Structure formats: structure tokens, C-alpha cells
Amino acid sequence: MSTMQPGLFDLFADHEPEQQPRAEQIGEQSWVLRGFALPLIDQILPALDTIVAAAPLRHMVTPGGFSMSVGTSSCGPLGWITDRSGYRYSSVDPLNGLPWPQMPSVFAKLARAAAEQAGFADFHADSCLINRYVPGAKMSLHQDKDENAYTAPIVSLSLGLPAMFLFGGFSRSDRSQRIPLLHGDMVIWGGADRLRFHGVLPIKQGRHPRLGEQRINLTFRVAG
Ligand code: SIN
Ligand code: FE2
């Protein structure tokens with residue numbers, strides 16, 4: 001655990017001390033910011049509802065032909081997709097051929113503030129991937145490698161049910177740290193850590209007071 005520099009939480013200055021976020025360093029350039037998004041939750045959740053009403057969550061198919069256990073959508077200029085022909089980014093939703101919903105300004109602001117707190121200034125995400133996990137859904141260990149460059153960090157927000165996040169090394173067989181992620185927590189990894197393997201263990205049964213029986217993860221990236 002390390003203490004954050006003063007002055008960087010201007011967005012959160014009017015919140016109670018017990019709500020002030022805490023930073024945990026999990027790698028050379030990787031951080032968990034506990035509760036970082038909580039002050040903005042009442043703006044984030046309705047914005048999310050609007051996005052998934054326009055671009056519904058769907059179970060995408062991997063190149064190998066497996067249906068993913070998470071339901072996926074996106075907002076912003078580019079959305080990550082997968083189907084039998086591969087993993088890639090698309091400027092349109094393949095379900096309807098329309099551009100993905102715009103990235104809400106509260107998402108962009110939150111992602112930029114979290115990246116800055118983790119030492120990555122000027123983060124301007126052009127993609128926000130939305131993954132919905134119901135109990136039992138998981139994400140196998142993988143690297144985020146479909147982006148054009150790896151200079152920008154990955155910025156992730158967890159909402160709803162808790163998850164056990166696996167934060168591994170640079171090869172799949174490296175030992176992973178197990179990091180519990182709760183509603184409002186953010187994880188940022190970039191620079192030397194940008195290509196670390198990561199994943200999520202199967203979500204346990206439960207009911208979250210705001211989101212019910214689900215976990216939603218938002219992953220902000222510079223893809224294009
Ligand atoms: C991902 O790596 O795509 C998702 C990570 C998470 O759900 O926390
Ligand atoms: Fe990922």
C-alpha cells in the first residue's frame with residue numbers, strides 16, 4: 001500500500017474522508033485504485049443503461065468457435081469484437097451496422113483521472129469495452145494485444161458483484177496475483193506492465209445492492 005500524492009483527487013475533494021480512494025501498487029506500473037469511481041456512480045450507471053439499450057450485450061464467439069461467458073458491448077469510436085474470423089476493433093456494432101454509442105463524458109473523465117493517478121498523463125480512450133458477468137462467468141488469462149500501439153495503459157472499472165482478478169506475468173504460465181475487485185474499484189496497467197496476462201475467476205453467486213446478480217467491467221483503451 002502506498003499513499004497517493006495530495007492534490008490529484010480534485011474530482012473527489014468534496015467527499016467524506018472514509019470515501020477517499022486508496023491506491024495499491026500491484027506492478028511496476030500497475031495500480032488498483034480502491035473505490036475510485038464511487039463518487040461518480042450515480043452518473044455512470046444511467047449512462048451505462050443508455051448504452052446497452054442501444055448496443056445490447058451479446059455473447060460473442062471466439063475464433064475457435066466458443067461462445068464467451070461474458071455478454072459484451074462497447075461505446076466510443078472503436079469497439080472490440082470477436083467472431084469466427086478473429087479478434088479486432090470495429091467502428092460499427094456488427095449487430096446493426098451502426099456506430100457504437102458515444103462515450104459518455106463521465107466515462108472519459110473518470111478514465112483520464114484514474115490513468116493520471118497511476119502515472120499516465122493525457123489518457124484519451126477511444127474505446128470502452130463493456131463486459132457483463134453473471135455468476136459463473138469468467139475471463140481466461142489473456143493479454144490485451146489487439147490495439148495498434150501499447151503506449152497507452154489499460155484502465156478498468158469494476159461494478160456490481162465482486163470478482164477475483166488474476167494479474168499474471170508476461171507468459172501464460174507465470175504465477176498470477178489474485179486481487180479481489182469490488183464495486184467502484186479501478187485497475188490501471190501500462191508501460192512496462194502493458195502486456196501482462198490477466199483474467200477473472202468465475203464470479204460467485206451473490207446480489208449486489210445496486211446491480212443485482214451481475215458484475216460489469218468497463219475497459220478503457222486507446223485502440224486506434
Ligand atoms: C478483460 O480483461 O477484458 C476484463 C477484465 C475484468 O473483467 O476485470
Ligand atoms: Fe483484458
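Start at 1 and go down the list; that is how both ligands and their atoms are numbered. All values reported here derive from a predicted model rather than from experimental measurement.
At under 3.5 Å, a nitrogen or oxygen of His142, whether backbone or side chain, sits near a nitrogen or oxygen of ligand 1. In terms of N/O distances under 3.5 Å, ligand 1 is not approached by Ser158. In terms of polar-atom proximity, defined here as any N/O pair under 3.5 Å, His198 does make such a contact with ligand 1. Residue contacts with ligand 1: Arg215 is placed with a nitrogen or oxygen under 3.5 Å of a nitrogen or oxygen of the ligand (distance criterion only).
Nearby protein atoms of type N, O or S around the Fe ion (ligand 2) amount to 3 (distance under 2.8 Å).
The neighbour count for Phe170 CZ, taken as heavy atoms of other residues, nucleotides or ligands under 6.0 Å away, is above 12. Counting non-hydrogen atoms of neighbouring residues, nucleotides and ligands closer than 6.0 angstrom, the CD atom of Gln29 exceeds 12 such neighbours. In the displayed structure, Asn96 atom CG is contacted under 6.0 Å by more than 12 heavy atoms of other residues, nucleotides or ligands.
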key: Worked verdict on Phe36 versus Ile188 for side chain to side chain contact (heavy atoms under 4.5 Å, CB included)   = CA-CA 11 Å; Phe36 193 87; Ile188 302 95; over 6 Å; no
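Distance from atom 4 (C) of ligand 1 to its nearest protein heavy atom, with residue and atom name: Tyr133 OH, 3.5 Å.
A salt bridge links Arg88 with Asp83: the distance from a Lys NZ or Arg NE/NH1/NH2 to an Asp or Glu carboxylate oxygen falls below 4.0 Å.
To the nearest 0.5 Å, atom CZ of residue Arg34 and atom CG of residue Leu182 are 6.0 Å apart.
Between the side chains of Asp126 and His124, no donor-acceptor pair is found at a separation under 3.5 Å. For Thr219 and Asn131, the side-chain atoms include no donor-acceptor pair closer than 3.5 Å.
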